[in-house]
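Residue numbering restarts at 1 for every chain, and letters A, B, ... go by the order of the sequence lines.
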Amino acid sequence: MVPPVSGMVRPRLVAVCLTLTAGTFAAFCWLLSVGDYPITLPEVVQALAGYGDPGNIVVVRELRLPRAAAGLLVGLAFGISGALFQTMARNPMASPDVIGLIQGSGTAVVASIMLGWTGGLATQTIGLAGALATALIVYLLAWKRGTTGYRIILVGIGVSWMCTSATDYLIARGGQFQAQAAVGWLVGNLNGRDWDQVLPLALACVVLIPAALLLGRLLRTLQLGDDVAAGLGTPVQLTRFAIMLTGVGLIAFGTAAGGPIAFVALSAPQIAQRLAGTAWPPTLASGLTGALVVLVSDVVAARLIPEAELPVGIVTGVLGAPVLLWLLIRANRAGSGG
Amino acid sequence: METARLTRYKGLGPALLVVGLGASLVVLCVLSLALGALNVPIDQVVQALFGTPADRTVENVIWSVRVPRTLLGLTAGVALGLSGALMQALTRNPLADPGLLGVTAGASFAIVGSVALLGIGSLLGFIWFALAGALIASVVVYLLAGLGRSGLTPVKLALAGIAVTSLLFSITHAIVLVDPEALNRYRFWSAGSLAGQTGDVVAQILPFVIAGTVLALACAPALNSLALGDDVAASLGRKVGLIRVQGVIAIMLLTGAAVAVIGPVVFIGLVVPHVARVLAQQAGLGPDHRWLLPLSAALAPCLLLTADILGRMLARPAEVQAGILIAFIGGPFFIALVRRRRLAEI
């Protein structure tokens with residue numbers, strides 16, 4: 001027997017999630033169809049399913065799928081992680097961009113570029129290690145008979161500025177060529193991904209995204225303040241630790257695979273919140289928004305100047321910013337304006 | 001007994017604070033004049049400043065290098081400290097830094113653009129571009145945040161700032177990736193330093209900083225009402241929209257002028273108001289902006305000069321940029337502050 005359960009269905013949120021899913025799938029197929037050897041959209045879908053022209057199947061599944069999958073997963077990971085952090089801190093500026101994980105990862109990678117350790121999976125491993133180490137340092141420094149979301153954010157800001165400065169110092173001291181490589185990585189880039197780089201991220205997503213969705217429920221009570229949440233029976237410290245762990249994991253693996261793609265973790269939850277008309281960033285919709293923004297940006301980056309191979313991070317800022325601005329301006333009630 | 005001690009403390013606290021901060025500023029200025037690649041004894045510094053110096057080299061170093069540099073540190077420090085405190089009060093967000101209005105991004109974009117598109121090479125040339133970029137970007141942010149029927153809210157201001165910042169940084173990065181000369185200018189500017197500026201540069205930004213300081217201090221009393229929320233402030237007879245315009249103009253002038261010359265070291269503006277709040281509390285003053293603003297304006301140059309002096313001492317005869325040391329002095333200090341107490345929230 002299933003005990004009686006109750007819940008709330010938000011038709012607008014469901015509709016937004018479905019639309020975003022459809023949009024993300026369309027952008028995913030679009031990204032698979034563009035390139036030096038254009039393939040039509042129906043052929044892409046056929047090739048994905050394993051039918052049709054063998055040449056198409058090779059191009060789509062072997063050559064283009066890793067990049068598209070990386071874009072999809074990085075977007076999902078950044079969006080969901082951003083939603084977790086922003087809800088936890090009750091502050092729209094509290095994205096993982098702000099609390100130092102991305103900067104820590106950046107410092108580690110730039111240092112490795114300056115030292116010339118760039119072969120194989122070195123950059124990815126170092127980026128992952130940098131993000132995780134920074135997260136550990138932030139959490140430990142913020143720990144004092146428990147943590148508060150606010151303290152984690154503030155400590156994170158301090159650490160992030162130190163990392164940014166270290167990165168700036170390394171870039172200013174390094175040679176021209178190395179500085180260029182460093183900036184190239186810091187912008188966020190999906191060019192030339194292969195399965196070796198996508199697989200760790202995919203495994204992390206399989207574990208962490210369901211965890212994030214489950215945690216989203218507990219997060220709602222945490223948003224009422226620690227005392228109220230404890231009164232409602234939420235294990236406050238444990239929940240916060242689990243949220244940190246999930247959010248950090250998603251960001252760390254995402255950054256390792258795609259670099260610190262600008263703006264996604266911060267803007268996707270805010271865009272999703274305004275689309276869905278909710279009072280907090282909806283977890284799943286944030287992830288889908290993130291994926292959509294990254295995939296569309298990558299199509300634009302690939303199509304705009306085909307020879308230049310623009311990094312996707314340049315386009316996410318240019319595309320995401322007007323969307324966020326438009327949503328801000330369009331909001332017609334003080335409540336939905338934020 | 002308890003009351004008596006409290007009143008005594010209340011009278012003494014602010015006086016101690018003013019004397020302490022004044023003394024540290026004077027000491028730091030003297031050290032900033034004396035220390036560097038060539039260490040000058042204090043008596044010779046005084047001689048070179050006020051009397052007839054024995055040594056031409058010493059006089060030259062003091063007047064053409066150290067004095068402009070120290071003045072720049074004071075000017076830029078005051079500007080960044082004030083604008084940081086003002087920004088946190090206006091947005092009612094303790095995470096806000098003076099770069100939030102898009103000032104840093106605007107200046108970065110203007111510097112990179114002027115090097116890549118117009119081929120501007122001289123330092124004085126791109127200071128004006130950086131200043132213009134900073135001002136234009138912050139006006140755009142302010143106007144965008146005020147559009148829409150709900151009008152301007154602190155969250156909308158923050159988000160509009162973030163959006164415009166990331167838009168401009170994206171374009172900046174795109175230019176930097178294809179133009180090596182622009183990358184070179186950009187990476188040295190963005191590390192943040194007081195070095196290599198002449199007295200002319202200080203004289204050029206001084207009017208902006210003075211105007212910004214006057215505007216900022218003038219809105220300090222109103223900020224206390226604004227901290228209670230827009231509605232309460234309005235019912236207390238404050239013109240909320242007007243205060244906000246005044247504050248934002250002050251932030252633009254102050255941050256724009258400082259960032260254009262010394263680089264994006266807006267972290268000062270984030271840390272210093274938190275320290276000022278703690279000090280004000282210790283002195284029994286409470287979160288009163290009539291104290292917080294001047295305190296931030298005095299603390300920020302202390303931090304900037306300390307970082308600059310340390311930068312000269314650490315890697316002699318070369319230097320570590322002040323912007324980098326600020327993060328490494330201010331960062332741990334900030335973290336210790338966060339750990340020590342429940343930060344006084346706005």
Side-chain angles (χ1 to χ4, degrees), chain A residues 89 91-94 98 141-144 148 150-151 153-155 157-166 168-169 171-174 176 179-180 183-184 186-187 262-263 266-267 270 308 310-311 313-318 320-325 328-338, chain B residues 93-97 100 144-145 147-151 153 155-156 158-160 162-171 173-174 176-178 180 183-184 186-188 190-192 263 265 267 270-271 274 320-321 323-328 330-335 337-340 342-343 345:
Chain A
N91 191 325
M93 288 167 65
V98 177
L141 284 175
W143 180 270
K144 192 183 178 189
T148 64
Y150 189 57
R151 194 153 64 215
I153 302 297
L154 285 176
V155 169
I157 288 182
V159 171
S160 107
W161 274 95
M162 286 156 68
C163 292
T164 310
S165 287
D168 279 346
Y169 180 65
I171 291 180
R173 275 201 52 167
Q176 178 80 43
Q180 220 149 4
V183 173
L186 285 173
V187 169
F263 200 49
L266 199 144
S267 67
Q270 292 298 315
L310 278 178
I314 284 173
V315 187
T316 50
V318 177
V323 174
L324 182 57
L325 285 172
L328 272 175
I329 291 164
R330 204 195 50 112
N332 54 6
R333 283 172 299 137
S336 66
Chain B
N93 194 329
L95 309 188
D97 65 55
L100 192 69
L144 283 173
L147 288 177
R149 244 192 290 174
S150 59
T153 62
V155 175
K156 276 174 77 179
L159 287 175
I162 290 168
V164 169
T165 299
S166 62
L167 182 68
L168 287 174
F169 268 130
S170 292
I171 304 173
H173 280 140
V176 156
L177 277 176
V178 294
L183 173 63
N184 272 342
Y186 176 68
R187 60 186 174 135
F188 294 119
S190 76
V265 284
F267 184 54
L270 192 141
V271 181
H274 286 281
V320 182
Q321 289 91 336
I324 284 145
L325 282 169
I326 280 169
F328 279 88
F333 197 71
F334 186 62
I335 291 168
L337 205 68
V338 174
R339 280 181 57 81
R340 212 166 67 81
R342 236 181 72 80
L343 266 183
E345 289 191 42

Chain A contacts, top residue of B:G330, B:A191, B:G323, B:S190 (heavy-atom pairs, under 4.5 Å): B:S190

message: Using heavy-atom distances under 4.5 Å, tell me whether B:I326 contacts chain A through its side chain, its backbone, both, or neither.
response: neither

[X] to [Y] - nearest heavy-atom pair and separation:
X	Y	result
A:M162	B:A327	CG-O, 3.1 Å
A:Q270	B:L159	OE1-CD1, 3.6 Å
A:I171	B:R187	O-NH1, 2.6 Å
B:V320	A:Y169	CG1-CE1, 4.1 Å
A:G158	B:F267	CA-CZ, 4.4 Å
A:A321	B:S166	CB-OG, 4.2 Å

- prompt: Counting heavy-atom pairs under 4.5 Å to chain B, which of A:G313, A:A179, A:P322, A:S267 comes out on top?
  reply: A:A179

statement: Per-residue tally against chain B (heavy atom, under 4.5 Å) across A:G320, A:G174, A:A172, A:G184 peaks at A:A172

query: Does any non-hydrogen side-chain atom of B:Q321 lie less than 4.5 Å from one of A:R173?
result: no

- prompt: With side chains defined as the heavy atoms from C-beta onward, is the minimum distance between A:L325 and B:L167 less than 4.5 Å?
  reply: no

- request: Check the surroundings of atom CZ in B:F333: do more than 12 heavy atoms from other residues, nucleotides or ligands lie under 6.0 Å from it?
  value: no

- prompt: Residues two or more places apart in sequence or in another chain: which of them pass side-chain contact (heavy atoms from CB on, under 4.5 Å) with B:I335?
  reply: A:L141, A:V155, A:V159, B:R339

message: I need the B:L270 CG to A:I157 CD1 distance, nearest 0.5 Å.
response: 5.5 Å

Ring pair (Phe, Tyr, Trp, His ring centres under 6.0 Å) involving B:F169 - partner list, sequence neighbours excluded: none

message: With a 4.5 angstrom heavy-atom cut-off, is it the side chain or the backbone of A:V183 that approaches chain B, or both, or neither?
response: both

